[in-house]
Every structure is written in C-alpha cells, then in structure tokens.
Colleague: 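For reference, the structure I am asking about is given below.
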Amino acid sequence: MISWKNLDELESYKKLSGLKNEVNIAEAMTGANGAERVNKYSVPMSSGLTYNFAAKAVDDTVLSALSELADEAELLDKYEALYNGEVINTGEKRLVLHQLTRGQLGDAVVADDVDKRAFYVEQQKRIADFANKVHNGEITNAAGEKFTTVVQIGIGGSDLGPRAMYLALENWAKKNGLFKMDAKFISNVDPDDAASVLNSIDVAHSIFILVSKSGTTLETLTNESFVKDALKNAGLDASNHMIAVTSETSPLAKSSDYLCAFFMDDYIGGRYSSTSAVGGAVLSLAFGPEVFDRFLAGAAAEDKKATNKNLLENPAMLDALIGVYERNVLGYESTAVLPYSQALSRFPAHLQQLDMESNGKSVNRFGEPVSYVTGPVIFGEPGTNGQHSFYQLLHQGTNIIPLQFIGFKNSQLGTDVNIQGSTSQQKLCANVAAQIVAFACGKKDENKNKNFEGGRPSSIIIGDQLTPESLGALLAHFENKVMFQGFVWNLNSFDQEGVQLGKTLAKKVLAHETDGALEVYSNLLNI
C-alpha cells in the first residue's frame, strides 16, 4: 500500500536538511578534483545521451541521503502505480497515461472498458495512414493538388510541446530528405498571431489541425473562426482543409466540418501530450510517420530508464532529487534551462509550462496546504545567445540559480566553417564547457566588478546529435523529472486549476458582467 506523505514528514528529508552547504563547488571542481568528479558523476541515458552532474553541490553523502529519500517517498512504487493505471490525478480523479502513448511499461491498462494502449496505437496508425495519403496525393485540396503546409491551431500544451518538437527536427528532416510539409502554429487569441500566419502561407494548399480535447477552448475556437473566414474569403470549403484532434465525446468528434478527427482522452494532460495525437498529427504530416515513431521510441527507452531502482542509474529520478535538494535545502528559487542548440530554441518554453503548471502548487494532493516550497521558476534561452543576455545575473547576481545545460557533440546539419583553427560547432561546445567551469569555479579579482564568486551549480545533458530518438529521450527525461518531484512534494502534478480563474473572469468581461476593478480595467481596454 503506497503512503502519500508530505516532504517534511519524511525522516530522510530531515537527514538531508542537515547536509546543507557541505559541498564547496568551487573547490570540488578545481584541478584534479574537478577532472575526477566529471568522470565519476555521469549517468548514461538512452539514445546516446548522458546526464552529468559533476558541477552540482552534491557528494556521495548527499547522494546516499537522496537515495534514502527516494526509498522512503516510494518514488518507484508511485511511478509503477501511475503507469499501471491507478488514479494519480486526484484533483480530477483521472488516470495519468502519457507514457502509454509510447509503450507498455507494466500491466495492461483498461479504462472506460477500453485497452488504452491499444487505443493510442490505433490513433497513431490512423494518423500515419492519413499522413501517408496526404503525402502521396490521395488526400488533396478541391483542385486535386497536394497540400504543402500544415497549420496547428491550439494553445498551451496543444502548441508549446508540438511547436518545440517541430522546430527541433525541422532542419534535421530537411538535411536527411525526410521533410514533407512546412508546419506553422497559431496559438495566441491575439488576432495578429493568426493573421501573420495566414499571410505567410498559401491557404489553398494548407491543411489545418484544430486541437481541443473538449472542443470548447475559447482561444482555439476563436482562431478556428479566423481561419475559416480566411478559407471562405479565398473561395474554399473549410471542411476540405481541416482536421480535428479532440476527445471522442467532444462536439468536434463527428462534425462534418472536418476531413477527419483523431482522438485523445482525459488521461493525457495537455503539457504531456506531445507523444499523443496532439503532437502525432502535426509531426507525422511534417516529417512522416516513421520519424514520429522514432521520436516515440526515444521517449519509451527513457521511460524504461526511469524504472531503475538504483538512483545512480536512473537519470530522471536523480535529476529530480538533486532539484529537490537545491529547492528545499539550499533554497534556490529558479532553474535556468540552457540548450546549446538552436534547434531547441522553444524547448525551454515547453519545459516552463511542463514544470510550472505541474508543480506550481501550494497544497498537497489532498488539498491541504504544504509548509515547504515546491516548484521552481523555469526560464531559459539557447546558448550562446543567452551568454550575451541574462548570464550576467547568473554569474554575478545576488541570487544563485541552478543551471541545466544541454549540448551536442555534432551539429544537426553537418555544415560548418573552420575559422581561426576551430569549427563553429567546436566553438559552440567550447562555450558550454567554459560556462560550466566558470559558473562552478569563478575567478578571484581584487577589482570586485571583475570578481566571480563561483559556486553556481549546473548539470549538463550531452548527446552525440539531436535526432528524433534523442529528442524523445530528452522530452521523457524532463516529464519524468517533474513527475518524481511532484511525488516527493506530495503534489498532484497533473491538474492545472491555476489557469481556470482567469478564464472565468474573462468570460464575465466579455459578457459585460463586471464591477469594481474588473469593470474599470475593462473600460480602460475598450472592451
């Protein structure tokens, strides 16, 4: 029987709290000590990735305490309960099944009298069949011409994850002759967003994916109307250009307004939906079903890694627990995600939603206030751009902000230039290596303006190249990290009540049912 306890009720947490500031990162990472740590504190992931945490403020004593915390908090038991279909989302009384979209980790999961793994596989096969027919010209526009562009209409998890994954693989697919269609994304209810996308495409050769689980999302339906007007104004029948990704019970499911509908369910949260039909439709149309299958395989392999009972062979759980130590014992409030890969330019934005929407909670899974801090603020940008932007604060600011680097030995495209004895890729990798050591070790200078205290913790995920498999592994790693942290903090990481209040008040504004400050702000904005 699993025991759900608050973090501060665990004896192992009390022991961990006594280890605060015992590791001096600057000393640990200097000279021969640093070289030894880099080789020692490294954990293999799947798909050619490695998680290295040498520059974190941990040692064997801290790691032993973290392992005790993992055992006492029953993290692997809770993960097993999740993938075997227990009701883990207590806020909405739902199962949590995003891992099932890429593989069967444990027992068959039956919900609503349906084998859910079989259901997800069926949807993937239907999407693959549809995408292949679009690519080979069996499904065309009214003039019998091929579609050349796919546009996803969605918001939140229906946009951030799929958009980040598309951008991550776009140039790789072009390089490897696997690029099928351009993909665009409309998310913001700001009319300028939809207008700018529609002005950049040929609507007659575009197919649109409307993504809404309920079929009632205000922003998404507003943008759908925007798109339908554009199609109508071009003399086109919108029903020949639109497909839906929705639930089987939504009003979109059997509507004649769409060429086809692909299904998701309430057991897949939006921010966890990139490996479901939400990401599957747009990525399969853009790159082909085989590429999407490879992406799923990478995620499945990393999910399997997260079942390992040995903390030092379970990179997601290790990453999660080090993060808990930094947040709850060392008191760090934020985490910066810094991919040294331009293809991952929107990956930090996806992780921002994944982490902050999941663990931005102040009550536990039973609705009781917790007396400790929970999820950190997540932000980030690709390197080396960030170095010329906010790294100043990271190096010399008053707050210590843990850093999560991501780097690859080889570029996606293989196109490079040698200048002053090194290639662009070597310069990129040199920068990330230098930043890790600079943050950790600092530099003493009598001129305080040029003094770097060091002691700034970081970890890095290193890969050979960003491919569909390594991208899937990266995605699953962070999903599982967030999950494990939610378990430690005794949170429900799978609902998002925090987004609901603003939606409710916005509806009141639009219905002119306002008073007080809400009425004044409405008038100021000319609503």
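All values below come from the heavy atoms of this structure, side chains included, with hydrogens, waters and symmetry mates left out.
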Colleague: Can you classify the ring geometry of Phe179 versus Phe287 as parallel (below 30°), tilted (30 to 60°) or perpendicular (above 60°)?
Modeller: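 Geometry flag for Phe287 against Phe179: tilted rings.
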
Colleague: Got a sec, which residues hit salt bridge (charged side-chain N to carboxylate O under 4.0 Å, His left out) with Lys409, two or more places apart in sequence or on another chain?
Modeller: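 By the salt bridge (charged side-chain N to carboxylate O under 4.0 Å, His left out) rule, Lys409 matches Asp464.
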
Colleague: Is there side-chain contact between Val197 and Phe185, with heavy atoms separated by less than 4.5 Å?
Modeller: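 Contact flag for Val197/Phe185 side chains = no.
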
Colleague: Using atom types as modelled and distance alone, determine if a side-chain donor or acceptor of Lys146 lies under 3.5 Å from a backbone N or O of His135.
Modeller: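 Answer holds: yes.
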
Colleague: How long is the straight-line distance from CD of Glu224 back to CD1 of Ile186, given to the nearest 0.5 Å?
Modeller: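 Going from CD1 on Ile186 over to CD on Glu224, the span is 11.0 Å.
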
Colleague: Should Met317 and Leu311 be marked as a side chain to side chain contact (heavy atoms under 4.5 Å, CB included) after you check the CA-CA gap, both sets of side-chain angles, and the distance that decides it?
Modeller: CA-CA 7 Å; Met317 189 162 67; Leu311 178 63; 3.9 Å; yes

Colleague: For Asn385, what residues pass the side-chain hydrogen bond (donor to acceptor under 3.5 Å, both in side chains) criterion, not counting sequence neighbours?
Modeller: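 Listed in chain order: nothing, the list is empty.
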
Colleague: With rounding to the nearest 0.5 angstrom, report the OG1 to CG distance, Thr423 to Asp416.
Modeller: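 Rounded to the nearest 0.5 Å, the OG1-CG separation comes to 4.0 Å.
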
Colleague: Would you call the rings of Phe347 and Phe478 parallel, tilted or perpendicular, where under 30° means parallel and over 60° means perpendicular?
Modeller: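 Judged by the thresholds at 30° and 60°, the geometry between Phe347 and Phe478 is perpendicular.
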
Colleague: Should we say atom CZ of Arg346 is surrounded by more than 12 heavy atoms from elsewhere, each under 6.0 Å from it?
Modeller: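 Not more than 12 within 6.0 Å, no.
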
Colleague: More than 12 non-hydrogen atoms from neighbouring residues, nucleotides or ligands closer than 6.0 Å to CD on Glu72, yes or no?
Modeller: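 Correct, the count exceeds 12.
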
Colleague: Are any side-chain N or O atoms of Arg126 and backbone N or O atoms of Ala261, one a donor and one an acceptor, separated by less than 3.5 Å?
Modeller: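 Indeed, once roles are kept as given, a pair shorter than 3.5 Å links the two residues.
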
Colleague: Among Leu69, Val370, Leu491, Asn490, which one satisfies side chain to side chain contact (heavy atoms under 4.5 Å, CB included) with Leu7?
Modeller: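 So the option named by the test is Leu69.
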
Colleague: Given the side-chain rings of Phe487 and Tyr79, with only the six-membered ring counted for Trp, is the space between their centroids under 6.0 Å?
Modeller: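 Phe487 vs Tyr79: aromatic centres not under 6.0 Å.
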
Colleague: Would you call Gln99 and Leu82 a side-chain contact if the rule is heavy atoms closer than 4.5 Å?
Modeller: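 Yes - at least one pair of side-chain heavy atoms lies under 4.5 Å apart.
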
Colleague: Can you tell me if Thr374 and Asn359 form a side-chain donor-acceptor pair at under 3.5 Å?
Modeller: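 There is no such pair (donor and acceptor under 3.5 Å, judged by atom type) between the side chains of Thr374 and Asn359.
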
Colleague: Before giving the answer on salt bridge (Lys or Arg N to Asp or Glu O under 4.0 Å), spell out for Lys133 and Asp129 the whole-Å C-alpha distance, their side-chain angles and the decisive distance to 0.1 Å.
Modeller: CA-CA 6 Å; Lys133 286 179 178 178; Asp129 182 62; 3.3 Å; yes

Colleague: When you check the gap from the basic side-chain N to the acidic O, do Glu313 and Lys305 get nearer than 4.0 Å?
Modeller: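 No salt bridge links Glu313 with Lys305.
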
Colleague: Please check if any side-chain donor atom of Tyr120 sits under 3.5 Å from a side-chain acceptor atom of Asp115, or the reverse.
Modeller: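 Asp115 and Tyr120 do not have a side-chain donor-acceptor pair below 3.5 Å.
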
Colleague: Measuring only between side-chain heavy atoms, which start at C-beta, is Lys309 closer than 4.5 Å to Leu76?
Modeller: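 Lys309 vs Leu76: side chains touch.
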
Colleague: Any chance you could lay out the salt bridge (Lys or Arg N to Asp or Glu O under 4.0 Å) test for Lys93 and Asp495, step after step, and finish with the verdict?
Modeller: CA-CA 10 Å; Lys93 297 180 174 58; Asp495 66 4; over 6 Å; no

Colleague: Cation-pi between Lys116 and Phe119: NZ/CZ under 6.0 Å from ring centre and within 45° of the ring axis?
Modeller: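 Positive - Lys116 is close enough to the ring of Phe119 and near enough to its axis.
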
Colleague: Identify the residue among Thr148, Thr149, Ile201 that makes a side chain to side chain contact (heavy atoms under 4.5 Å, CB included) with Asp182.
Modeller: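 Among the candidates, only Thr149 passes.
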
Colleague: Evaluate the side-chain proximity of His477 to Pro315: yes if any heavy-atom separation is below 4.5 Å, no if none is.
Modeller: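 Answer yes - side chains close enough.
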
Colleague: Do Thr101 and Tyr272 have side-chain N/O donor and acceptor atoms under 3.5 Å apart?
Modeller: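 On atom types as modelled, these side chains do not qualify, holding no pair under 3.5 Å.
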
Colleague: For residues Arg271 and Gln496, is any side-chain donor paired with an opposing acceptor at under 3.5 Å?
Modeller: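 Checked: Arg271/Gln496 side chains pair up, N/O donor to acceptor below 3.5 Å.
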
Colleague: Side chains of Ser212 and Thr217 only: does a donor on one sit below 3.5 Å from an acceptor on the other?
Modeller: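 Yes, a side-chain donor-acceptor pair sits under 3.5 Å.
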
Colleague: Is there a donor-acceptor contact under 3.5 Å linking the side chains of Trp4 and Asn364?
Modeller: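 Note: Trp4 and Asn364 side chains miss the donor-acceptor criterion.
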
Colleague: Any side-chain heavy atom of Trp489 sitting closer than 4.5 Å to one from Val373?
Modeller: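 Side-chain contact under 4.5 Å: no.
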
Colleague: When rounded to the nearest 0.5 angstrom, what distance separates CD1 in Ile207 from CD1 in Ile139?
Modeller: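 These two atoms lie 7.0 Å from each other.
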
Colleague: Got more than 12 heavy atoms from elsewhere within 6.0 Å of CD, Glu36?
Modeller: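 No - once you tally the heavy atoms of other residues, nucleotides and ligands closer than 6.0 Å, there are 12 at most.
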
Colleague: Are Tyr340 and Asn431 close enough, and set up right, to give a side chain to side chain donor-acceptor pair (under 3.5 Å), and what steps lead you there?
Modeller: CA-CA 9 Å; Tyr340 275 63; Asn431 271 277; 5.9 Å; no

Colleague: Is Val377 close to Thr335 at the side-chain level, that is, under 4.5 Å between some pair of heavy atoms?
Modeller: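 They are not in side-chain contact.
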
Colleague: Taking the six-membered ring for Trp and the full ring for Phe, Tyr or His, determine whether the centres of His241 and Phe147 are under 6.0 Å apart.
Modeller: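 For His241 and Phe147, the ring centres are under 6.0 Å apart.
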
Colleague: Could you please spell out the steps behind the side chain to side chain contact (heavy atoms under 4.5 Å, CB included) verdict for Val58 and Phe53?
Modeller: CA-CA 9 Å; Val58 299; Phe53 59 101; 3.8 Å; yes

Colleague: Please confirm whether the backbone N or O of Asp107 pairs with a side-chain atom of Asn84, one donor and one acceptor, at under 3.5 Å?
Modeller: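 At least one qualifying donor-acceptor pair exists.
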
Colleague: Roughly how far, to the nearest 0.5 Å, is CG of Leu466 from CG of Leu169?
Modeller: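 Answer rounded to 0.5 Å: 6.0 Å.
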
Colleague: Side chains of Tyr41 and Asn52: do they bring a donor and an acceptor to under 3.5 Å?
Modeller: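 Result is no, nothing qualifies.
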
Colleague: When you check the gap from the basic side-chain N to the acidic O, do Lys174 and Glu170 get nearer than 4.0 Å?
Modeller: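 A salt bridge links Lys174 with Glu170.
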
Colleague: Apply side chain to side chain contact (heavy atoms under 4.5 Å, CB included) to Lys213 and Asp266, showing your working.
Modeller: CA-CA 8 Å; Lys213 188 189 302 182; Asp266 285 336; 3.2 Å; yes

Colleague: Is the shortest side-chain heavy-atom distance between Glu248 and Asp265 below 4.5 Å?
Modeller: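 No, side chains not in contact.
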
Colleague: What do you reckon, is NZ of Lys5 surrounded by more than 12 foreign heavy atoms closer than 6.0 Å?
Modeller: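 Not buried by this count: 12 neighbours or fewer within 6.0 Å.
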
Colleague: Working to the nearest 0.5 angstrom, can you tell me the gap between Ser187 OG and Asn223 CG?
Modeller: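 Rounded to the nearest 0.5 Å, the OG-CG separation comes out at 7.5 Å.
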
Colleague: Would you mind writing out the side-chain donor-acceptor pairs for residues 276-286 within the sub-3.5 Å range, not counting sequence neighbours?
Modeller:
unit_1 : atom_1 : unit_2 : atom_2 : d
Ser276 : OG     : Ser273 : O      : 2.7
Ser276 : OG     : Val278 : N      : 3.2
Ser284 : OG     : Gly280 : O      : 2.7

Colleague: Hey, does Thr50 have a side-chain heavy atom less than 4.5 Å from the side chain of Met45?
Modeller: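 Of all side-chain heavy-atom pairs linking Thr50 with Met45, none is under 4.5 Å.
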
Colleague: Whether the Arg294 and Thr467 side chains hold a donor-acceptor pair (N or O, under 3.5 Å, no angle test) is what I'd like checked.
Modeller: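 Looking only at side-chain atoms, Thr467 and Arg294 do not form any donor-acceptor pair under 3.5 Å.
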
